[in-house]
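This report refers to the structure that appears directly beneath it.
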Amino acid sequence: MSWHERATAVMPGGVNSPVRAFKAVGGTPPFAERASGARIITTDGNELIDFIASWGALILGHSRPEVVEAVRRAASAGTSFGISTHAEVELAELIVASVPSVDVVRMVNSGTEATATTVRLARAATGRQAIIKFEGCYHGHADPFLAKAGSGLATFGEPSSPGVPDATVADTRTVRYNDLESVSEQLDDNVAAIIVEPVAGNMGCIPPVDGFLQGLRDLCDRAGALLIFDEVMTGFRVGPASAQGRYGVTPDLTALGKVVAGGTPAAAYGGRRDLMQMIAPAGPVYQAGTLAGNPLATAAGLVTLRYLSDHPDLYDRFEAAASGAASRLETAMVRAGIPGTVNHVGAMLGIFLGIEQARSWDDVADLDGDLFARFFHGALKRGVLIAPSAYEAAFLMEDHLNGDLDKALAALEEAIEEAAQ
Ligand SMILES: *Cc1c(COP(=O)(O)O)cnc(C)c1O
């Protein structure tokens with residue numbers, strides 16, 4: 001039996017998270033053996049320049065010696081205590097110092113927990129029930145987010161997954177990204193919060209248009225609703241002060257994940273002091289975690305965030321590299337005679353084949369799956385691993401900047417040419 005067969009026998013779809021199964025592109029997913037720098041070595045001996053970067057959790061590179069060493073040192077002091085450590089305080093201080101909206105922060109184990117708790121807190125703080133989210137934005141798999149716009153009068157959300165109770169999503173209103181008018185239409189005094197990815201990263205990479213984030217801030221202030229930035233993906237990836245610093249718009253609450261834990265399982269949420277003081281045990285809103293603030297994750301997060309804060313120039317290098325990559329790939333699309341566009345913000349890219357612009361879910365909903373699958377497999381056979389879905393961003397790590405990005409771009413250019421035929 002192959003490992004793929006063994007995996008599918010004992011794990012749903014053979015994986016621990018759906019997109020890993022290659023359903024959108026076909027073929028059998030490789031298994032990782034180990035990785036270093038920008039490269040993953042698979043169990044069948046292939047070396048792949050990696051743009052999945054653990055779905056954005058890695059920003060320095062795989063197996064960075066300083067991160068590995070910090071985790072090793074933490075592990076030998078104890079893998080989990082159940083009482084606090086100094087390192088947790090240091091990590092919280094660093095997050096508070098870096099992210100403008102965050103006065104007080106709580107560590108959790110996943111982005112899903114972080115976003116779900118921000119909604120609970122917003123509902124508690126406002127005494128209101130409804131939330132507004134954007135079509136194409138992803139906030140983890142907690143029930144209130146697994147909603148789609150209902151038909152008919154469209155104020156009531158409907159479950160987007162079996163098993164989600166109608167009542168849980170009835171108060172989730174889904175509106176259009178980069179479209180303030182669609183937000184105004186759904187915003188009333190039942191709305192506790194608007195939650196948004198300040199750069200959408202789960203429908204490719206879609207930046208906010210000018211005025212969109214500030215518009216949300218103004219609408220929230222007028223309606224007495226809270227603004228939640230889900231920066232699980234963008235936090236410490238699009239700039240040293242995350243998207244809120246980059247765009248100069250300060251939300252009330254922020255969810256962080258991925259980079260914040262340097263490639264280990266942790267996440268965080270935080271925000272205004274008066275709101276965060278409502279969290280137990282300071283206040284009545286319950287949220288807890290057996291492994292929250294885990295020493296291994298804390299060590300990896302701390303060393304990663306310290307490195308980023310000591311090397312602010314890294315973000316300029318990401319910006320320049322992403323911009324260069326975008327123009328090379330767009331040129332390749334023109335040369336191949338297919339429409340296409342590449343969005344980029346900081347260390348995130350969205351490569352869209354077959355469409356002229358990507359500003360909201362409507363633009364990307366009908367992406368050509370076969371064209372993408374040909375591009376994906378063309379890249380893979382040339383030693384480049386991009387996410388196996390047209391709706392995922394490509395992530396840069398510092399280790400890409402030492403030559404591997406150029407090598408990968410040459411392969412991606414060929415893969416575009418081939419896919420277009
Ligand atoms: C990845 C992601 C999440 C979910 O985080 P998990 O750690 O996978 O639960 C939430 N929001 C955004 C924007 C994400 O990219």
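Values below: all heavy atoms of this structure, side chains included; hydrogens, waters and symmetry mates excluded. Whatever order the structure lists ligands and atoms in, that order sets their numbers, starting from 1.
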(Q) Test your reading of the model: is there a side-chain donor-acceptor pair from Arg237 to the backbone of Ala347, 3.5 Å cut-off? (A) yes
Note: His139, heavy atoms under 4.0 Å from ligand 1, region reported as backbone
At under 4.0 Å between heavy atoms, what of Asn202 touches ligand 1? The answer is side chain
Below 4.0 angstrom from a heavy atom of [X], which ligand 1 atoms are there? Numbered from 1 as shown, please.
X	result
Ser110	7 (O), 9 (O)
Met233	15 (O)
Glu197	13 (C)

Filtering Thr115, Val108, Asp230 for the heavy atom nearest atom 13 (C) of ligand 1 leaves Asp230
- CA sep, side-chain torsions, deciding dist, call: Arg39, Glu47, salt bridge (charged side-chain N to carboxylate O under 4.0 Å, His left out): CA-CA 6 Å; Arg39 299 179 180 215; Glu47 194 164 318; 2.9 Å; yes
Distance-only side-chain donor-acceptor flag, [X] / [Y], under 3.5 Å:
X	Y	answer
Thr234	Glu231	yes
Ser101	Thr254	yes
Asp399	His62	no
Thr85	Glu88	yes
Asn190	Gln129	no

Open item on the list: With nothing but distance in play, are any N or O atoms of Gly111 less than 3.5 Å from an N or O of ligand 1?
Closed with: yes
Please confirm whether Tyr138 comes within less than 3.5 Å of ligand 1 when only nitrogen or oxygen atoms on both sides are compared. yes
Could you find the nearest protein heavy atom to [atom] and give me its residue, atom name and distance?
atom	result
atom 3 (C) of ligand 1	Val232 CG1, 3.7 Å
atom 1 (C) of ligand 1	Lys258 NZ, 1.6 Å
atom 8 (O) of ligand 1	Thr112 OG1, 4.6 Å

Stacked cation flag Arg64 on Tyr307, 6.0 angstrom / 45 deg:
yes
